[in-house]
Amino acid sequence: MRKAVFKSCKNGYYKFWFENGEELVFEDVHPRVLKQFDLKNDKSLIDQEFRITFVEDEDGDDVIYRVESLKPI
């Protein structure tokens with residue numbers, strides 16, 4: 001798990017900033033996470049810090065990042 005701050009959800013992409021300054025945009029979020037956190041509509045989650053677990057899947061030449069779990073800090 002890594003620490004990250006949720007920054008936005010736009011056009012189906014979820015943006016997080018990590019403690020090392022890295023920014024990652026996720027194309028997919030596990031349905032369990034979306035059931036727990038309404039990242040698309042709940043503006044109070046913006047700038048909230050989470051412990052995040054994610055996976056990196058390769059689809060041909062593309063890399064897809066998927067959020068597997070979020071825990072508020």
Side-chain angles (χ1 to χ4, degrees):
M1 286 194 153
R2 295 175 58 189
K3 288 183 184 179
V5 175
F6 176 63
K7 296 309 282 184
S8 67
C9 175
K10 293 182 183 171
N11 301 320
Y13 293 94
Y14 304 86
K15 186 186 297 184
F16 286 83
W17 288 356
F18 289 83
E19 58 191 340
N20 65 356
E22 178 183 18
E23 176 182 292
L24 272 180
V25 177
F26 295 89
E27 295 181 36
D28 196 15
V29 177
H30 195 285
R32 173 179 22 87
V33 174
L34 291 176
K35 189 173 184 180
Q36 187 177 7
F37 301 103
D38 187 2
L39 297 174
K40 292 180 183 180
N41 301 308
D42 188 349
K43 300 297 183 204
S44 71
L45 296 174
I46 293 173
D47 293 327
Q48 184 168 341
E49 192 172 20
F50 291 93
R51 290 202 182 276
I52 183 171
T53 303
F54 62 92
V55 294
E56 183 179 315
D57 288 328
E58 291 187 29
D59 183 19
D61 293 335
D62 297 328
V63 177
I64 298 170
Y65 295 96
R66 176 183 171 136
V67 175
E68 290 292 310
S69 71
L70 284 178
K71 294 183 182 176
I73 297 177

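Taking CG of Asp61 as the reference point, atom CD of Glu58 lies at 9.0 Å (rounded to 0.5 Å). Rounded to the nearest 0.5 angstrom, Lys71 NZ and Ile52 CD1 are separated by 12.5 Å. Residue Lys3 holds its NZ atom at 12.5 Å from CE of Met1, rounded to the nearest 0.5 Å. Note that OG of Ser69 and CZ of Arg32 are 6.5 Å apart. Values are rounded to the nearest 0.5 Å. In this structure, NZ in Lys15 is found 4.5 Å from OG in Ser8, a value given to the nearest 0.5 Å. With rounding to the nearest 0.5 Å, the separation of SG in Cys9 from CG in Asp38 is 9.0 Å.
Checked options Val25, Leu34, Leu24; the residue passing with Tyr14 is Leu34 (criterion: side-chain contact (heavy atoms from CB on, under 4.5 Å)). The side-chain contact (heavy atoms from CB on, under 4.5 Å) test with Phe50 is passed by exactly one of Ile73, Val67, Leu45: Leu45.
Considering only heavy atoms from C-beta on, Leu39 comes within 4.5 Å of Leu70 through its side chain. The shortest side-chain heavy-atom distance between Ile46 and Phe6 falls under the 4.5 Å cut-off. Arg66 places none of its side-chain heavy atoms less than 4.5 Å from the side chain of Glu27.
Ring pair Tyr65/Phe54 is perpendicular by interplanar angle, where above 60° counts as perpendicular and below 30° as parallel.
Heavy-atom neighbours of Phe18 CZ from other residues, nucleotides or ligands within 6.0 Å: above the threshold of 12. Atom CZ of Arg2 is surrounded by more than 12 heavy atoms from other residues, nucleotides or ligands within 6.0 Å.
Between Phe26 and Phe16, the ring center distance clears the sub-6.0 Å criterion.
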